[in-house]
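Beneath this line is the structure, given in structure tokens, with notes to follow.
Chain letters run A, B, ... following the sequence lines, proteins first and then strands; every chain starts at 1.
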2 protein chains.
Amino acid sequence: MCGYEPGGHHNRCDCRGARMEGFLQPCLLLLLYEKSTHGYELMESMNRLGLWEGVPDAGAVYRHLRRLEEEGLVRSHWSTSGPGPARRRYEITPEGVDYLHDWAVTIRRNKAALETFLARYEKLFSGHDTDAAKGY
Amino acid sequence: MCGYEPGGHHNRCDCRGARMEGFLQPCLLLLLYEKSTHGYELMESMNRLGLWEGVPDAGAVYRHLRRLEEEGLVRSHWSTSGPGPARRRYEITPEGVDYLHDWAVTIRRNKAALETFLARYEKLFSGHDTDAAKGY
DNA sequence: ACTCCCTATCTGCTATTTACATATGTGTGT
DNA sequence: ACACACATATGTAAATAGCAGATAGGGAGT
């Protein structure tokens with residue numbers, strides 16, 4: 001989830017802070033609540049719905065899903081019907097839904113922090129021709 | 001920045017995802033743009049202004065500041081005037097301001113992702129007595 | 001048959017970060 | 001002397017993301 005684009009006015013790509021560590025997990029739980037499906041489709045949904053910049057790392061997605069299953073927050077079974085290779089189809093458990101609610105609290109709080117940042121930032125730089133303005 | 005509170009309905013504290021990795025750095029740059037000061041006060045400001053849940057880790061703050069200085073995004077000099085121990089007073093450089101603008105782009109994008117998540121979440125659970133609702 | 005590509009899952013490795021603990025030292029109040 | 005707030009710094013462990021690569025099934029074209 002790195003917002004770096006070549007051709008900008010700096011060369012380094014130090015925006016690892018953009019990672020929003022752990023955001024992958026609640027996204028998977030939310031998408032699985034909406035619709036039981038398999039890892040590959042979850043990856044694509046995250047990008048398509050604007051939950052993730054670019055396609056999320058496949059390794060991270062599959063590892064998260066296995067971990068969530070170990071913790072009882074999702075369940076899975078192999079699905080051999082349909083075309084292509086076998087898919088491991090995941091569904092959220094009631095415990096997973098509880099956990100999703102906890103995540104929503106955290107995400108609201110994080111959103112508030114970002115808004116505080118942006119409010120202060122815009123107060124200082126509003127009207128200037130900043131990269132931030134150009135980006136939108 | 002862990003939202004876990006004892007007494008909840010789950011025992012584990014897996015909300016390390018709440019970390020918002022790297023958010024510390026742009027906060028320091030923003031605060032230093034507003035007012036040149038030293039690390040200890042920056043820590044307190046972050047909490048007081050709602051940019052950080054609780055007081056941020058001192059080790060992280062001081063390490064970030066040293067690193068920002070290595071990269072030329074801030075400058076510092078020792079300030080022995082005033083009461084108490086010597087303070088290392090930091091000020092942002094023009095390069096630091098450029099970098100702050102880059103961060104604003106990233107943070108807007110991350111905020112959008114959180115909003116997308118919450119919009120989908122609330123569409124599914126609005127009206128229910130969720131932890132998320134209780135939290136506010 | 002053969003090659004290429006898309007689908008689908010999984011594992012290994014490394015760099016980076018955070019959170020916690022701890023160390024060091026100054027100045028003030030009692 | 002002592003405790004405490006201020007102020008900076010370092011050591012360590014756990015966890016994550018990102019990248020690369022391995023393994024395989026199935027369809028399209030040649």
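In this structure, B:Met46 atom CE and C:dA19 atom P are separated by 11 Å, rounded to whole Å. Distance CH2 (B:Trp52) to C1' (C:dA19): 11 Å, rounded to an integer number of Å. Distance CG (A:Leu65) to P (D:dT16): 14 Å, rounded to an integer number of Å. In this structure, B:Arg66 places its CZ atom 12 Å from P of D:dG11, rounding to the nearest Å. Remark: C1' of D:dA7 and CD of B:Glu41 are 12 Å apart, rounded to the nearest angstrom. Spacing between atom NE2 of B:His38 and atom C1' of D:dA5 amounts to 13 Å, rounded to whole angstrom units. Nucleotide C:dA8 holds its P atom 12 Å from the CH2 atom of A:Trp78, rounded to whole Å. Spacing between atom CZ of B:Phe23 and atom C1' of C:dA19 amounts to 18 Å, rounded to whole angstrom units.
Of the residues near DNA chain D, B:Glu44 and B:Tyr90, the one whose nearest nucleotide (by heavy atom distance) lies more toward the 5' end is B:Glu44. The residue among B:Arg88 and A:His64 whose nearest nucleotide of DNA chain D lies closer to the 5′ end is B:Arg88.
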- Message: Apply side chain to side chain contact (heavy atoms under 4.5 Å, CB included) to residues B:Arg88 and B:Tyr62 and explain how you reach the verdict.
- Response: CA-CA 10 Å; B:Arg88 196 192 278 266; B:Tyr62 291 117; over 6 Å; no
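Aromatic ring pairs are classed by plane angle as parallel below 30°, tilted from 30° to 60° and perpendicular above 60°; the pair B:His38 and B:Tyr40 is parallel.
Checking C:dA19, C:dT9, D:dT16 against the side-chain heavy atoms of A:Arg67 singles out D:dT16 as nearest.
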Extract from the structure each pairing of a protein N or O with an N or O of nucleotides 21-30 of chain C at less than 3.5 Å, listing the distance.
none

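Nearest heavy-atom pair across A:Ala104 and B:Leu118 is O-CD2, 4.1 Å.
At least one side-chain heavy atom of B:Phe23 sits less than 4.5 Å from a side-chain heavy atom of B:Trp52. Within the 4.5 Å cutoff, side-chain heavy atoms of A:Leu29 are placed close to those of A:Leu68.
Taking A:Arg120 as the reference, B:Glu34 meet the side chain to side chain donor-acceptor pair (under 3.5 Å) condition, with sequence neighbours excluded. Among residues two or more places apart in sequence or in another chain, the side chain to side chain donor-acceptor pair (under 3.5 Å) test is passed with A:Glu115 by none.
Taking side-chain N and O atoms only, A:Tyr40 has a distance below 4.0 Å to OP1 or OP2 of C:dT7.
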